[in-house]
Amino acid sequence: QTLLIHVPLLIALVGGDMIAGEANMGTLRLLISKPVSRTTLLLSKFAATMAYTLLLLLWMAFLSLVMSILVFGTGDLMIMKSEEIIILKSSDVLWRYFAAFGFAAIAMTTVAALSFFLSLFAENAIGPIVTTMSVVIVCTILTTMDLPLFALIKPFLFTSHMLGWKGFFDDPINYPGVLRSAGILLIHIVGFVGGGILIFNRKDVLS
């Protein structure tokens, strides 16, 4: 559940500073004066943000797995749900675990893309960081509210699909649902990065 609030905050701290930090230090104009296109510059910055995100998740996956084995040992995995108990055989656990973290990488890259996109509009990293977390929290609240008013927009909110990794611990796995959630998250990533490129290429950089 740390993938809802805690990890997005750690990602927003870096993603929100990628462009806004350069503007705050007065080095953004120097960067775009180099013989490199703005699109290449922006994609390089986003690649660095993605690398940080993936390394953070890899560290979490490694730490969680090692600590779990040390504390609980190995064996079958019992999953308690509101209406049922699922028991997965030990030979069926590890690949599901890494598949879930692979899905989490897509979800957290969406948060990174959002904070990176918002970073284009600020000259201080605090604004994009706070705005990213506000968007995540508000959209999460809207996702959990079972009201007809939000029924139409909930399927399109990225927060509605951030916990799609749980699908890998269902038996059987609902592959169409998991793939649909991953697809919607990828659309958000492409939208945020593509929109950022369009805006940055037309932006007058004065700082």
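Since this is a predicted model, take the numbers as computed values, not measurements.
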Mind checking salt bridge (Lys or Arg N to Asp or Glu O under 4.0 Å) for Lys81 and listing every partner two or more places apart, or none if nothing turns up?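 Applying salt bridge (Lys or Arg N to Asp or Glu O under 4.0 Å) to Lys81 gives Asp170.
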Name all pairs fulfilling the ring-ring contact (aromatic ring centres under 6.0 Å, His included) condition that reach into residues 170-191, sequence neighbours left out, sorted by first residue then second.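 As it turns out, the ring-ring contact (aromatic ring centres under 6.0 Å, His included) pairs with a partner in residues 170-191, which skip direct neighbours, are Phe158-His188.
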Listed once per pair and sorted, the ring-ring contact (aromatic ring centres under 6.0 Å, His included) pairs that draw on residues 64-90, sequence neighbours left out: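 Qualifying pairs, neighbours excluded: none.
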The criterion is side chain to side chain donor-acceptor pair (under 3.5 Å); which residues satisfy it with [X], sequence neighbours excluded?
X	result
Trp95	Asp92
Thr109	none
Thr131	none
Asn174	none

With a cut-off of 6.0 Å (strictly less than), are more than 12 heavy atoms of other residues, nucleotides or ligands near CG of Leu43?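 Yes.
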Who are the side-chain contact (heavy atoms from CB on, under 4.5 Å) partners of Ser37, not counting sequence neighbours?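 Listed in chain order: Thr39, Thr40.
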Which residues satisfy the side-chain contact (heavy atoms from CB on, under 4.5 Å) test with Ile69, sequence neighbours excluded?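 With neighbours one apart ignored, the set is Leu65, Thr74.
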Counterpart residues, ring-ring contact (aromatic ring centres under 6.0 Å, His included), relative to [X] (two or more places apart):
X	result
Phe46	Phe116
Phe98	none
Tyr52	none

Examine the side chains of Thr143 and Thr159 and answer whether a donor and an acceptor come within less than 3.5 Å of each other.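 Present: a donor and an acceptor within the cut-off.
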Distance, nearest 0.5 Å, that separates CE of Met162 from CG of Leu185: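 One finds 8.0 Å between CE of Met162 and CG of Leu185.
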Using modelled atom types and a 3.5 Å cut-off, is there a donor and acceptor pairing between side-chain atoms of Ser119 and backbone atoms of Ser115?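 Flag not set: sc Ser119 to bb Ser115 has no pair under 3.5 Å.
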Quick check with a 6.0 Å cut-off and a 45 degree axis cone: is Arg96 positioned over the face of Phe168's six-membered ring?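 No cation-pi geometry.
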Taking Glu22 first and then Arg29, would you say they form a salt bridge - that is, a charged N and a carboxylate O separated by under 4.0 Å?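 Salt bridge absent between Glu22 and Arg29.
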